[in-house]
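Have a look at the structure below before the remarks.
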Amino acid sequence: MVLVSAAAKAPKLNAESKHPDRYNAGDAEARWQKIWDERGIFATKNADPRPKYYVLEMFPYPSGRIHMGHVRNYTMGDVVARYKRAMGLNVLHPMGWDAFGMPAENAAMERKVHPKAWTYDNIAAMKKQLKSMGLSLDWSREIATCDPAYYKHQQKMFLDFLGAKLVEREKRKVNWDPVDQTVLANEQVIDGRGWRSGALVEQREMSQWVFKITKYSQDLLDALDRLDRWPEKVRLMQKNWIGRSEGLLVRFALDPKTTPQGESELEIFTTRPDTLFGAKFMALAPDHPLSLAAAAKNPALARFIEECRHRGAAQAEIDTAEKLGFDTGIKAIHPFDPNWTLPVYVANFILMEYGTGAIFGCPAHDQRDLDFVNKYDLGNVPVVCPPGQDPSTFVITDTAYDGDGRMINSRFLDGMTIAEAKEEVARRLEKDSRGNRPVAQRQVNFRLRDWGISRQRYWGCPIPIIHCEKCGVVPVPEKDLPVTLPEDVSFDRPGNPLDHHPTWKHVACPQCGGKARRETDTMDTFVDSSWYFERFTDPWIATAPTDVPMVDAWMPVDQYIGGIEHAILHLLYSRFFTRAMKATGHVGVDEPFAGLFTQGMVVHETYRTESGEWAAPAEVKIEADGDARRATLIATGEPVAIGAIEKMSKSKRNTVDPDEIIAAYGADVARWFMLSDSPPDRDVEWTERGVQGAWRFSQRLWRLVGEAAEIAAFAPAARPAAFSEPATRLRKATHRALARVSDDIEKLHFNVCVASIYEFANALNDVIGGIEEHGDAKLTPDLGWAMR
RNA sequence: GCGGACGUGGCGAAAUGGUAGACGCAAGGGACUUAAAAUCCCUCGGGGAGAAAUCCCUGUGCCGGUUCGAGUCCGGCCGUCCGCACCA
């Protein structure tokens, strides 16, 4: 297939065009970029009396090439940065590299290049591309997370967090790939198999380092209300992710005749204590201690639990999984009636990680519980009667009722509202006690789990810990930081190269001097990106990136811009990390990002040949065919089907290379088009027609400004007493454009800014056109003055 | 299942509760040109009246409501998209 570059399809311009009436973006942009570079005019000083403004776009992973999403993201940030600078603020607009991660290791395995060499080559290539975009970035503060000068601080913070009990070691169930010998994230498990190796994934208990993000659950939730310059959508997503719910912990006594040795009660968590008189069964998570105790004497139950464990994490399986239970034979005693017993099941849909890993089931008012009792024929009793319904005829069959109403069939609760009943149950059970402890206590539960950061990978920040046979877990002394990655590693066998390294992990224990072993796990790369915005503020970063503490003067980031895909993990981790940094004296603020903006994706049509292969936009020629459009392959003339407009992706080959666009049209045109048309938080469709329209406008504007300058040359030095009619019109248009553009940049409505500038150009064109029509008669000094 | 957002011309879209469709793309017509490209000018939601300037009716997914006035606010449907999801 012949690749036809965008340059070949574009109108003849730039280097090819020496036409005096044309703006040559290639020459002009290169000239200005060189001057900006030489004079270092975007380098920001910390010592500056002007008010600060910190604008930041999410830093890129150095994949090697920038894509249109980067162009859109960094153009938005750049417009804000230039605007705020023009408004007289001291603007910090830095750039760095999220440089650790798996792709570097994959490249090492596939192409025998060292991850470090691969990463730094990519950084060099992408930096060149970003520079060609004409971004007003302070490159003197550039950082790469794989630089020991960067991760040294991260290791220090890890140790400080450890001291503050914000890092702990915990046994956790993880997805283990037995072929690649590594832990996999849930997203890397596809249909129960490792995404690379295809091996059946096992659930393994492993010791992991975890960040105690749950210590801040309530605070992370409460503070969301104060982030008034964040999109509502992101705040909601985080709120749901943290998942707070209020309820009651209730201890059910177990009938000793039916219960294994050593177990006398079962604690459950419920948000519906009001429905306690509708209880029909109890259910345990398969890995609940009571399940395991019961299974010890019951091989069939043990088999059932084993089957539950093999159920994968894959979404499709969870969606379709049948609710299955196994009756343990154990009976639980109702907290309000010693003669009322409930069967205790082990059920595949109960999660050990949430609440206590055990529930009571009230089928009439919970759909899942209802499905369960209908399967096992346990029946149901409605206890909440909807308003206007006769309680004596209210029956539940297939659909649980979870609405409002009054209590029925519930003894002393009858007639109460749900809220009253919840309160009454809590009050009574709190007063009841068994074995010196109340039968129930109120509890707030969160869905949020602690953040496991251990990864069995080479290309990440080493965890600064030494394991000693005698002393146990020993932190690396501060004077020995950074713990740097060894460079002589090999990727020719599965597993973590740090683990296979002949010498690196063997060290003397810092405490006893005896034989010890380094932690060979590295940190999740989300750790690297959870504080990089703080690192940019270091006053000495350009000259001496060493031990100087960072300053708060720049924080928080005033405007952060990036993709919605980071709405939860990156942004939540960063919010946690900043709190942990504050707790350990690294920074003085809680919230890292005062303003957040999430931009939409860049999308493009897809093209498919008759044989079903994807074709790239650069390979396809589009022609008008009446109202329709017809596409053919440039190389062969073969017809191509125009398909859905989708996110630019390598797999569908519907990408457009920023380099080619910039070479063909210039960076300003690419940037202009990226901000035109669609609101910035929505998806924008990249089209050939659209970018050509932007290019035409750049030419038109250049011509208009040139003509206006000629007219302006007629202006006398002193301002005339009154402006003539066209001059007044022009003056109005100018001020209107200034006001609207300023206003809309503040609101980040870049598409409306673009429209305002089109309007201004139209007004300028009208005035100039009017002059040309009437010859020089109207070319008054007034107008010349206005043009100036 | 839970939560949320959105629905305006052929298309992308504008519009502090106050002249709906700014601006751009596409389309059509015209000027320039031997011709084309480029450029410039005009038209462009639907329907109707007029020779024309212009005017009238209608129109923001559907049904109601609040208001002097609703694309915008409220309630209910329909549709599309997104996030979370066995969370007790």
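Note: hydrogens, waters and symmetry copies are ignored here, and every other heavy atom, side chains too, is used. In what follows, chains are A, B, ... by sequence order, proteins preceding strands, each numbered from 1. The shown structure was predicted, so the numbers you read here are calculated from the model rather than taken from an experiment.
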Measuring only the [atom1] atom in each nucleotide, how far is [N] from [M]? A whole number of Å is fine.
N	M	atom1	result
B/G65	B/G17	C1'	16 Å
B/U34	B/C44	P	32 Å
B/G12	B/C6	C1'	15 Å
B/G64	B/A51	C1'	46 Å
B/A35	B/G45	P	32 Å
B/U8	B/A13	C1'	9 Å
B/U72	B/G47	C1'	27 Å
B/G69	B/G59	P	16 Å

Rounding to an integer number of Å, can you tell me how far [X] [atom1] sits from [N] [atom2]?
X	N	atom1	atom2	answer
A/Phe349	B/G1	CZ	C1'	14 Å
A/Ile622	B/C25	CD1	P	18 Å
A/Leu249	B/A88	CG	P	13 Å
A/Gln692	B/G24	CD	P	17 Å
A/Phe281	B/A88	CZ	P	15 Å
A/Ile268	B/C87	CD1	C1'	14 Å
A/Tyr354	B/A85	OH	C1'	13 Å
A/Phe697	B/C23	CZ	P	12 Å

5' precedence on RNA chain B between A/Glu759 and A/Arg272 (nearest-nucleotide basis):
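Nearest-nucleotide comparison on RNA chain B picks A/Glu759.
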If you assign each of A/Ser678 and A/Met352 to its closest nucleotide in RNA chain B, which residue comes earlier from the 5' end?
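Looking at the nearest nucleotide for each, A/Ser678 comes out on the 5' side.
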Taking any heavy-atom pair under 4.0 Å as a contact, classify [X]: base, sugar-phosphate, or nothing.
X	result
A/Thr270	sugar-phosphate
A/Tyr758	sugar-phosphate
A/Arg689	sugar-phosphate

By nearest atom, which of the nucleotides [options] is closest to the [X] side chain?
X	options	answer
A/Thr271	B/A38, B/C84, B/A88	B/A88
A/Arg368	B/C23, B/C86, B/G24	B/C86
A/Arg703	B/C84, B/A88, B/U39	B/U39
A/Asn762	B/G24, B/A88, B/A85	B/G24

What I'd like to find out is whether the side chain of A/Phe673 reaches to under 4.5 Å of the side chain of A/Val691, using heavy atoms alone.
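Touching, per the 4.5 Å side-chain cut-off.
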What closest approach, in Å, do A/Val384 and A/Gly403 show between heavy atoms, and which atom pair accounts for it?
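Between these two residues, the closest heavy atoms are CG1-O, 4.1 Å.
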Quick one about [Y] and [X] (side-chain donor to acceptor, distance below 3.5 Å, no hydrogens or angles considered), yes or no?
X	Y	value
A/Arg72	A/Gln599	no
A/Tyr354	A/Ser245	yes
A/Asn445	A/Gln443	yes

Under a 4.0 Å N-O cut-off, is there an ion pair linking [X] with [Y]?
X	Y	value
A/Glu605	A/Lys652	no
A/Asp450	A/Lys212	yes
A/Arg251	A/Glu265	yes
A/Asp371	A/Lys375	no

List every contact pair, protein side and nucleotides 3-11 of chain B side both N or O, where the distance is under 3.5 Å.
none

Identify which one of A/Leu248, A/Asp274, A/Thr275, A/Thr271 satisfies the side chain to side chain contact (heavy atoms under 4.5 Å, CB included) criterion when paired with A/Lys422.
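Testing A/Lys422 for a side chain to side chain contact (heavy atoms under 4.5 Å, CB included) against A/Leu248, A/Asp274, A/Thr275, A/Thr271 leaves exactly one candidate, A/Asp274.
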Which glycosidic conformation, syn or anti, is assigned to B/G9 if syn requires a torsion within 90° of zero?
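Syn, angle within 90° of zero.
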Checking A/Arg700 now: which residues fulfil salt bridge (Lys or Arg N to Asp or Glu O under 4.0 Å) with it, not counting sequence neighbours?
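Expected list: none.
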Pairs satisfying side chain to side chain donor-acceptor pair (under 3.5 Å), at least one member in residues 674-683 of chain A, at least two apart
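Of all non-adjacent pairs touching residues 674-683 of chain A, none passes side chain to side chain donor-acceptor pair (under 3.5 Å).
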Would one find a side-chain N or O of A/Asn765 under 4.0 angstrom from OP1 or OP2 of B/C41?
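Result: yes.
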A/Thr687 side-chain N/O to B/C25 phosphate OP1/OP2 under 4.0 Å
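Checking A/Thr687 against B/C25: no side-chain N or O falls below 4.0 Å of OP1 or OP2.
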Taking both distances under 3.5 Å as the test for a Watson-Crick or G-U pair, what stems of at least three pairs does RNA chain B have?
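RNA chain B stems, ordered by first number: B:1-7 with B:78-84, B:10-12 with B:23-25, B:27-31 with B:39-43, B:45-49 with B:54-58, B:61-65 with B:73-77.
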Mark yes or no for whether A/His365, through its side chain, and A/Arg272, through its backbone, hold a donor-acceptor pair below 3.5 Å.
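Not a single qualifying donor-acceptor pair exists.
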Specify the residues of residues 738-757 of chain A, ordered by number, for which at least one heavy atom lies under 4.0 angstrom from an atom of RNA chain B.
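Listed by number, they are A/Asn751, A/Ala755.
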Can you list the residues that meet the side chain to side chain contact (heavy atoms under 4.5 Å, CB included) rule with A/His566, with sequence neighbours excluded?
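Scan of A/His566 (side chain to side chain contact (heavy atoms under 4.5 Å, CB included), adjacent residues dropped) gives A/Met58, A/His570.
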